[in-house]
J.: 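After the structure tokens below, expect a handful of questions from me.
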Amino acid sequence: MKFFLDTANVDEIRKYQDLGIVDGVTTNPTLLSREKDRGDFRDVLLEICSIVDGPVNAEVVGENYETMFEEGMKLARMHENIVVKIPMTREGMKAVHALSGEGIQTNVTLVFSPNQALLAAKAGANYVSPFVGRLDDISTFGVELIRDLVTILGNYGFETEILAASLRNPTHVVDCAAAGAHIVTMPFKVLDAMFNHPLTDKGIAAFLKDWEKMGAKI
Ligand code: G3P
């Protein structure tokens, strides 16, 4: 399973890149807007590309095919690791089809149903991003969509990777892993929380307390 960080904050990315567990990054207009004081968004994206040797997702903001295609080409030319994020719309799927024809990596975002994911896969998307948390927010079971997509896309051998997004807590990661998602993208706080367990803390404290009785050094 690949771990992506869902952030445009380079400090957060650096913290866990050193552990070798960050396989990629996803950004979106909201996440980039939070870093606006760090300068031009292009510089932020390029700095992220310099930190993470993996897919770095950047989203188009155009609403028609022509604009999305043009924006996608511009973003892709920035760095070889840039993946172009495109929203699940009719115009967006036309842009996905055209960009994939140019050899540009694409990720279809704001996906909330199996039909939307099927359309993205048929358009040639390299990744599809179902938003688990936002489905949970409206009292539906977001992870069930992940489970359905693993079956549906697998039934027909689509190479489109399922990139579970909008994850809000460590249990979302576990559920998506059990469901078979190829990738999870998560905020820094979720990745950070995955390390924590009170019994680990308790066990370390007990080991160190007993070791102190030895008065020895390794
Ligand atoms: O990658 C999509 C993600 O940033 C959306 O998360 O918590 O706003 O639903 P959230």
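Owing to the predicted nature of the structure, the values given are computational and were not obtained by experimental measurement. Counting starts at 1 for both ligands and their atoms, following the listed order.
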J.: Show the distances, to 0.1 Å, for all pairs joining an N/O atom of ligand 1 and a protein N/O atom that are shorter than 3.5 Å, listing one pair per line.
T.:
residue, atom, partner, partner atom, Å
ligand 1, 1 (O), Asp6, OD1, 3.1
ligand 1, 1 (O), Asp6, OD2, 3.4
ligand 1, 4 (O), Asp6, OD2, 2.5
ligand 1, 4 (O), Asn28, ND2, 3.1
ligand 1, 7 (O), Arg168, NE, 2.9
ligand 1, 7 (O), Arg168, NH2, 3.4
ligand 1, 8 (O), Arg134, NH2, 2.9
ligand 1, 9 (O), Arg134, NE, 2.6
ligand 1, 9 (O), Ser166, OG, 2.7
ligand 1, 9 (O), Arg168, NH2, 2.9

J.: Examine Phe3 together with Tyr16 and report whether their ring centres are nearer than 6.0 Å.
T.: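 Here the rings of Tyr16 and Phe3 have centres that are no less than 6.0 Å from each other.
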
J.: Around atom NE2 of His79, are there more than 12 heavy atoms of other residues, nucleotides or ligands at under 6.0 Å?
T.: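 Yes, NE2 of His79 has more than 12 neighbouring heavy atoms, counting only those of other groups under 6.0 Å.
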
J.: Which pair of non-hydrogen atoms, one from Leu45 and one from Met78, has the smallest distance, and what is that distance?
T.: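 In terms of heavy atoms, the two residues are closest at CB-CE, 3.9 Å.
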
J.: Please report the closest heavy-atom contact between Thr27 and Thr7, naming both atoms and the distance.
T.: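 That would be CG2-O, 3.7 Å.
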
J.: Given 3.5 Å as the limit, does a donor-acceptor pair link the side chain of Gln105 with the main chain of Val83, or not?
T.: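 Between the backbone of Val83 and the side chain of Gln105 there is no qualifying donor-acceptor contact (under 3.5 Å).
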
J.: Using modelled atom types only, decide if a donor and an acceptor are shared between the side chain of Trp211 and the backbone of Ala216 within a distance under 3.5 Å.
T.: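 Yes, Trp211 side chain to Ala216 backbone: donor-acceptor pair under 3.5 Å.
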
